[in-house]
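A, B, ... follow the sequence lines: proteins, then strands. Residue 1 opens every chain. Computed over heavy atoms, backbone and side chain alike; hydrogens, waters and symmetry mates excluded. All figures in this text were calculated on a predicted structure; none of them were measured in a lab.
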Amino acid sequence: MTTATVVLENKLSSGVRMPSSQVWRAYWMEAKSETIRACRTPAFAIPFLGMPIVFYVLLGIFLAGSMSHGDARIVPTMFVTWATFGVMGPGMFGFGMFVAAEREQGLLRLKRALPMPTASYVLAKMAMTMMFALMVMITLIAAAVFIGHVRISIGQYLLITSIDVLGSLLFCAVGLYIGVRASAKSAPAFVNLAYLPMMHLAGLFYPLPKSIQPLEFVSPAFYLNQLGLHAVGAQSIDALSLGAGPSSHMTPVMCIAVLVTVTLILGMQATRRLRRLG
Amino acid sequence: MNHECLAELVGVSKRFGKIVALDGLDLQIRAGELFALLGQNAAGKTTAISLLLGLQPPDAGTAFLFGLSPLEIEARRNIGVMMQEAALVPELSVREQIELVASYYPEPMTPATTLQLTHLESLADRPYGKLSGGQKRQVQFALAICGRPKLLFLDEPTVGLDIQSRELMWSTLRRFVSEGVSIVLTTHYLEEAEALADRVAVLAKGRVIASGSVNEMRALVVKKQISCSSSLSVEQIRTWKEVQSAHRDHKGLQITAGNVEAVVRRLLDEDEDLQDLEIHRAGLAQTFTELTQESMQ
């Protein structure tokens, strides 16, 4: 018998199983660590928690209120559009910048070598994003109720919170798509390249002329905003300013279909690439 | 020592474009041993380790980790890993980093035990980003051991450590090995391999060119080194048939020879004022250099 045969016969086959309660705990710890880390990163937490509420109160409540000449229809519209804006940032920047940096600095490689549950890297960042989106929604709702006097039902508040918190996953997919491709240095630039046109083309803050309104269909944020408007029974800025246009024909089902499709395509493409990296 | 094979590469090849990183490599890590993988830059050490960790698939051949594919999480629950270049999240404290990684394992050490073993108690609540380079390496080591792994992969573990921290890590490693933990060490510090390793393999051009115990490796290169203060000229000594090389440096005359006894006899005969005579066996560094040079030729 050769030495090689002896060694092969002695080869262990000893994988270690872990109770599912412990696996869930690992997922929980990853999500907790990611959220703590995001909260302790001032360049992340301050703009994405602070900007939506400040801009909503200044521009969405006071400025829009003074310019609307008493047209109360603008009140719920502003709440929805600033909510859409508020949930865009954490996912896009959280995934785009953190993934690019962790990939480049070897952390992702270390985590892949360690027995980290396979999906927990992405799920933890998704949980962190949804937590931030929820905090944004809570601050915006507080402002809407006490300062903006937005008169919608509690059910509608809950519905739009659910839509926007779940909708933040779309921006996670966009951010991840960038994060697995861009270097740590170029990621912020690429995220902004996606973030700014997506925000402005979604028709969130000002009406787009009817001739260029079809451009709104290329912005995924547009569909989330439309869905939010449907949920609270509000009209888009385009419709309030210029009357019914191409965007007025979007039904909630069409919006959900587009949002789910774009999220899945970008998310699957990115996670496939993520699995190959290391 | 038993010879259970914990990790194994069987005839693996890996190319990156036109560059052959591994060329039909066979490697076995046995239970209870500290195995050092040596080689110059681009010899294939990192690629070999990354195949064993499941970070990339081989083009040909198979990698086993505890008898399973390294991609299986059940296999990786047996291992701890310390990589040379892995920046941990700077905002998390040392304790939080340990708690997170420990949660990946079924029966980890408590954070307090891990902190104590790695002498990090005083830094437990400090953010990782505010630690010095050496302290960061200690934290990475703590993460590698916190899950009570059966097999530890350590890539250049003592780079950036001061002498005291290095000694502490060495003694911790020796203790782990005595408790039955196996260790795969890649290092540029040859004295580290010499001080710790049970078995050494030298990689060059993606192949193992030599493997065995430190003593067996030294024996592969039979030369010995003579050091002395002598008035004899280097040119004169180089003409002696037993001498393979000779030069003079700040420590005096340095002679490398196969039959060292004959050279010493002749030195004493020809130079009555000879002083500071010392004879060394080739160290691992010298062996390693010569082996890799031979394989390149």
Side-chain angles (χ1 to χ4, degrees), chain A residues 3-4 6-45 98 101-121 124 184 275-278, chain B residues 2-8 10 26 28 30-31 49-50 52-57 64-68 70-93 96-97 99-108 127 129 140 143-144 147 149-150 153:
Chain A
T3 315
V6 172
V7 171
L8 282 173
E9 280 174 1
N10 282 337
K11 191 188 294 170
L12 293 174
S13 181
S14 51
V16 178
R17 293 192 171 277
M18 208 156 98
S20 55
S21 59
Q22 273 189 297
V23 176
W24 282 113
R25 187 169 178 277
Y27 279 110
W28 159 249
M29 290 295 292
E30 197 78 43
K32 184 180 140 193
S33 301
E34 192 63 36
T35 309
I36 290 175
R37 171 264 189 96
C39 290
R40 285 183 193 159
T41 309
F44 184 82
F98 289 155
E102 288 166 3
R103 193 166 57 79
E104 203 164 280
Q105 292 163 2
L107 181 61
L108 182 57
R109 196 175 153 82
L110 175 67
K111 285 187 175 261
R112 285 183 57 218
L114 290 170
M116 177 186 72
T118 318
S120 79
Y121 180 75
R275 258 183 249 130
R276 291 203 306 267
L277 299 170
Chain B
N2 69 49
H3 291 282
E4 286 172 328
C5 182
L6 303 187
E8 188 174 21
V10 185
D26 293 307
Q28 293 177 342
R30 298 170 198 150
I49 298 298
S50 66
L52 282 172
L53 296 174
L55 292 172
Q56 45 193 331
F64 291 104
L65 193 59
F66 288 82
L68 302 167
L71 294 173
E72 300 284 339
I73 192 167
E74 283 90 357
R76 295 204 310 280
R77 286 198 186 114
N78 287 303
I79 65 167
V81 182
M82 179 176 178
M83 286 178 170
Q84 197 183 349
E85 288 170 8
L88 303 176
V89 175
E91 293 82 10
L92 293 183
S93 71
E96 287 164 342
Q97 310 266 8
E99 284 171 347
L100 173 62
V101 172
S103 75
Y104 302 158
Y105 294 89
E107 291 172 0
Q140 291 164 20
L143 299 190
K150 294 191 184 87
F153 287 89

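Here P115(A) is the residue among C39(A), S120(A), A38(A), P115(A) with the most heavy-atom pairs under 4.5 Å with chain B. Among E107(B), Q84(B), E96(B), the residue making the largest number of heavy-atom pairs under 4.5 Å with chain A is E96(B).
Side-chain atoms of Q22(A) come within 3.5 Å of backbone atoms of P106(B) as a donor-acceptor pair (strictly under, hydrogens ignored). In this structure, the side chain of R76(B) engages the main chain of A113(A) through a donor-acceptor pair within 3.5 Å.
Heavy-atom distances place both the backbone and the side chain of Y105(B) under 4.5 Å from chain A. Heavy atoms of E99(B) lying under 4.5 Å from chain A belong to its backbone as well as its side chain. When heavy atoms are compared at a cutoff of 4.5 Å, E72(B) does not approach chain A at all.
Of residues 26-36 of chain A, those residues with a non-hydrogen atom less than 4.5 Å from any non-hydrogen atom of chain B are, in numerical order, A26(A), M29(A), E30(A), S33(A), I36(A).
Of all non-hydrogen atoms in M83(B) and R109(A), the two that sit nearest each other are CE-O, 3.8 Å. The minimum heavy-atom distance between S103(B) and M18(A), with the atom names listed, is O-CE, 3.6 Å.
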Candidate pair L100(B) and K111(A), rule side-chain contact (heavy atoms from CB on, under 4.5 Å), full reasoning: CA-CA 11 Å; L100(B) 173 62; K111(A) 285 187 175 261; 3.6 Å; yes
Intermediate values then yes/no, side-chain contact (heavy atoms from CB on, under 4.5 Å), Q140(B) and L110(A): CA-CA 10 Å; Q140(B) 291 164 20; L110(A) 175 67; 6.0 Å; no
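Every side-chain contact (heavy atoms from CB on, under 4.5 Å) that A184(A) has, sequence neighbours left out, goes to A101(A), E104(A).
The CZ atom of R17(A) lies 11.5 Å from the CD1 atom of I73(B); values are rounded to the nearest 0.5 Å.
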